[in-house]
Amino acid sequence: MEAPSNVIAQRREKLEEIRNLGANPYPYRYSPTHTTSEIHQQFAAIQETPDESKPICIAGRIMTKRDHGKSSFANLQDSEGLIQIYVRQNVIGDDRYDIYKILDVGDIVGVEGVVFRTRTGELTVLANALELLSKSLRPLPEKWHGLQDKETRYRQRYADLIVNREVKDVFSKRTLIVQAIRDYLNAIGFIEVETPVLQPIYGGANARPFITHHNTLDQTLYLRIANELYLKRLIVGGFDRVYEFSKDFRNEGMDRDHNPEFTMLELYQAYADYEDIMCLTEQLIAHTAKEVVGSTEITFQGEEISLEPPWQRLTMIESIGVKTGIDVESLGDGALQDAALDAKVDLDGVESRGGTIAAIFDTLVEPKLLQPTFICDYPIEVSPLAKKKRGDERFVERFEYFMVGMEMGNAFSELNDPIDQRERFIEQGKKLEAGDEEAFMVDEDYLRALEYGMPPTGGLGFGIDRLTMLLTDQRSIRDVIFFPQMRPEDQT
RNA sequence: GCGCCGUUAGCUCAAUUGGCAGAGCAUCUGACUCUUAAUCAGGCGGUUGAAGGUUCGAUUCCUUCACGGCGCACCA
């Protein structure tokens, strides 16, 4: 650990001083009657003379302290905001004032008092009594500039949250987003379920897994990369509308859009196809935006984004034509590859025509999709869990939706033909054997489930983290995850 | 994994061409009973991320390493 600084040593001495003065620096409980925001609401009309008939108790952290000899002002912060307190020696008494004098910024106190307004108009609690609730030993970052250093902010999120209030707002919104989604889905007949995090066979996405081991079973287990195949088993079992907020784990690189563990919402609706899911998606996201930011019109990194349905719908082939001028359908396989290479698309590891189309899309089209756009009908080669497109077996009924240049979600008409699904798995198995660590494993139990018969089903998955980035205007996923993954801190 | 940039007091940041490592806030002492970036006076605070090298002398130049940010790659 880091060496104790002088400040920490000083504060440890104050601990003893406080004990010597007869106070417990770590008492057990306190009963606040109000939060700071309740005081601001309920006493908005108060004038300079306090209403002695309405004493209140608040608890919070001292954020600033302005001592004036025999009186002092301080700002107290609780979970909802700030309020000024005014402490006078002749009001709280000499003994308590002696303790108050040596309290530090960062200490947590309980204050009983009456509310009044100062000459300068600030709503203030005049303390009748003040009690230390927890002594702080470590100095807070500076009040004016706050905590800027990103590394410290991520490693010591607790300090970040104390001093940077807007960070707390982002995470409060994240909670509201989850609640809005849950409320919306519950209201239209979905039920929330839980499925395994530890899976003997990973599937449902193309990604490298984290591998772990169960000692008693002496069995390799994988942390889930998706919960898709389990939710569809529940559709087979007769739950017609299910969803799960799924913490997923992917053993891959980290950047502004990726954290090794992240949260996906997946939902499945029996008797629906991907067109139905498109309508559900745009309604769900628009509803969430209204609940959380009050509007479907949002700003992301200076860009005006409208989430108001309906969103633009393009097939992947159409979008390539619109954004690059490449007419995919008129080009043979070789000509298409040449067109891709001319446009500096990296085709390393791409073996199929469908893979080429997807690579062109990823490189040239995706970054240009700022407003919400559904991209439909993916090449079958890159979509092993989606049902073939009606009337064109080169494609599947799949869409992803994009905004601000990011992929935000993925959905299909779910493949429910067990024979077709087995063939797709076998194709994936060949890729896996050829060294593609991200290809699927054959999941015999899932095939068995499909053989019992799964209704036609539409499914959707989208990242809660990225939706939170969008709705809170944060460009980095680390700013919407409390404790983003970090390398170990050097503690020598 | 690759490239670029960064790391100086508790926090936010300076330091000229390689020449005594500084400021504001915080902290400590004293004064002050309506302040709010309180004010006034005085003080403390540093292994300049780590190790090595060049040099009379390194925060500064070189090498290696650690961590972070951004970009690329990988990937949704």
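First the proteins, then the strands, lettered A, B, ... as listed; each starts at 1.
- Note on Lys65(A): nothing from the nucleic acid sits closer than 4.0 angstrom, heavy atoms only.
- With a 3.5 Å ceiling on both atom-pair distances, rU8(B) lacks any Watson-Crick or G-U wobble partner.
- Remark: the separation of the C1' atoms in rA37(B) and rA23(B) is 16 Å, to the nearest Å.
- Among the atoms of the strands shown, base atoms are found under 4.0 Å from some heavy atom of Asp362(A).
- In this structure, Arg66(A) reaches the bases: a heavy-atom distance under 4.0 Å links it to at least one base atom across the strands shown.
- Base-pair partner of rC40(B): rG30(B) (Watson-Crick or G-U wobble, both distances under 3.5 Å).
- Each of rG68(B), rG71(B), rC32(B) was ranked by its minimum atom distance to the side chain of His68(A); first place goes to rC32(B).
- A salt bridge between Arg155(A) and Glu151(A) is present, with a side-chain N of the basic residue lying under 4.0 Å from a carboxylate O of the acidic one.
- Checking rC67(B), rG69(B), rU27(B) against the side-chain heavy atoms of Gln10(A) singles out rU27(B) as nearest.
- Positionally, the nearest nucleotide of RNA chain B for Ser72(A) lies more toward the 5' end than for the other of Met264(A) and Ser72(A).
- Summary of the strand contacts: Arg88(A) and Leu140(A) both lie near RNA chain B, and taking for each the nucleotide with the nearest heavy atom, the more 5' one is attributed to Leu140(A).
- Of all nucleotides present, only rG71(B) satisfies the Watson-Crick or G-U wobble test against rC2(B), with each distance under 3.5 Å.
- Across all strands shown, Arg117(A) has no heavy atoms under 4.0 Å from either base or sugar-phosphate atoms.
- Among Lys14(A), Lys135(A), Arg11(A), the single residue meeting the side chain to side chain donor-acceptor pair (under 3.5 Å) criterion with Asp107(A) is Lys135(A).
- The existence of a salt bridge linking Arg61(A) and Asp78(A) is excluded, since no basic side-chain nitrogen approaches an acidic carboxylate oxygen closer than 4.0 Å.
- At whole-Å resolution of the value, CG in Asn164(A) and P in rC11(B) are 14 Å apart.
- With rG68(B), rC70(B), rU35(B) as the choices, the nucleotide that has an atom nearest any side-chain atom of Thr124(A) turns out to be rU35(B).
- At the heavy-atom level, Asp67(A) lies under 4.0 Å from base atoms of the strands shown.
- Across all strands, Glu252(A) comes closer than 4.0 Å only to sugar-phosphate atoms, never to a base (heavy-atom distances).
- Looking at Gln84(A), its side chain comes within 3.5 Å of the base of rU35(B) through a donor and an acceptor atom.
- Across all strands shown, Lys143(A) has heavy atoms under 4.0 Å from sugar-phosphate atoms exclusively, and none from any base.
- Within 4.0 Å (heavy atoms only), Gln148(A) reaches sugar-phosphate atoms of the nucleic acid but no base atom.
- Nucleotide rC13(B) holds its P atom 7 Å from the NE2 atom of His145(A), rounded to whole Å.
- Contact annotation for Glu400(A): base contact, defined as any heavy-atom pair under 4.0 Å involving a base atom.
- Across all strands, Asn75(A) comes closer than 4.0 Å to no nucleic acid atom at all (heavy-atom distances).
- Base pairing of rC65(B) is made with rG49(B), judged by Watson-Crick or G-U wobble geometry with both donor-acceptor distances under 3.5 Å.
- Looking at heavy-atom distances under 4.0 Å, Tyr97(A) makes no contact with the nucleic acid at all.
- Atom CG of Asp107(A) is separated from atom C1' of rA26(B) by 14 Å (rounded to the nearest Å).
- Rounded to the nearest 0.5 Å, atoms CZ (Arg165(A)) and CD (Glu80(A)) are 9.5 Å apart.
- Out of rG69(B), rG10(B), rC74(B), the shortest distance to the side chain of Arg478(A) is found at rG69(B).
- Nucleic acid contact class of Asp255(A) (heavy atoms, under 4.0 Å, all strands): base.
- In this structure, of rC25(B), rU35(B), rG69(B), it is rG69(B) that holds the atom nearest to the side chain of Lys150(A).
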Could you check Arg398(A) against Ser383(A) for side chain to side chain donor-acceptor pair (under 3.5 Å), going step by step and ending with a plain yes or no? CA-CA 8 Å; Arg398(A) 172 184 182 186; Ser383(A) 309; 2.8 Å; yes
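- Ring to ring, Tyr274(A) and Tyr378(A) are not that close: their centroids are 6.0 angstrom or more apart.
- Leu147(A) has its CG atom 14 Å from the C1' atom of rA26(B), to the nearest Å.
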Where do Lys232(A) and Tyr446(A) land on the side chain to side chain contact (heavy atoms under 4.5 Å, CB included) test, with the steps shown first? CA-CA 9 Å; Lys232(A) 286 194 280 196; Tyr446(A) 178 66; 3.0 Å; yes
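- Across rG69(B), rC67(B), rA73(B), the shortest atom-to-atom separation from the side chain of Asp346(A) is found for rA73(B).
- Residue Tyr154(A) contributes atom OH, which lies 6 Å from atom P of rG69(B) at whole-angstrom precision.
- Comparing rG18(B) with rU60(B), their C1' atoms are spaced 6 Å from each other, to the whole Å.
- If you take NZ of Lys431(A) and P of rC75(B), they are 11 Å apart, rounded to a whole angstrom.
- Between the side chain of His258(A) and the base of rC75(B) there is at least one donor-acceptor pair of N/O atoms closer than 3.5 Å.
- Side-chain nitrogen and oxygen atoms of Arg138(A) include none within less than 4.0 Å of the OP1 or OP2 phosphate oxygen of rG10(B).
- If you check rC11(B), rG68(B), rU33(B) against the side chain of Ser71(A), the one that comes closest is rU33(B).
- In this structure, Gly146(A) reaches the sugar-phosphate backbone alone: every heavy-atom distance under 4.0 Å involves primed, P, OP1 or OP2 atoms, never a base.
- Between Ile62(A) atom CD1 and rU27(B) atom P the separation is 11 Å, expressed in whole Å.
- Electrostatic pairing of Lys247(A) and Glu261(A) counts as a salt bridge here, judged by a charged N lying under 4.0 Å from a carboxylate O.
- In this structure, rU59(B) forms no base pair with any nucleotide, since neither Watson-Crick nor G-U wobble geometry is met with both distances under 3.5 Å.
- Atom C1' of rU54(B) sits at a distance of 15 Å from the matching atom of rU64(B), rounded to the whole Å.
- Phe262(A) has its CZ atom 15 Å from the P atom of rC75(B), to the nearest Å.
- Shown here, rG22(B) forms a base pair with rC13(B); the pair counts as Watson-Crick or G-U wobble because both key distances fall under 3.5 Å.
- Residue contacts for Met486(A): at a heavy-atom cut-off of 4.0 Å it reaches the sugar-phosphate backbone alone, with no base atom in range.
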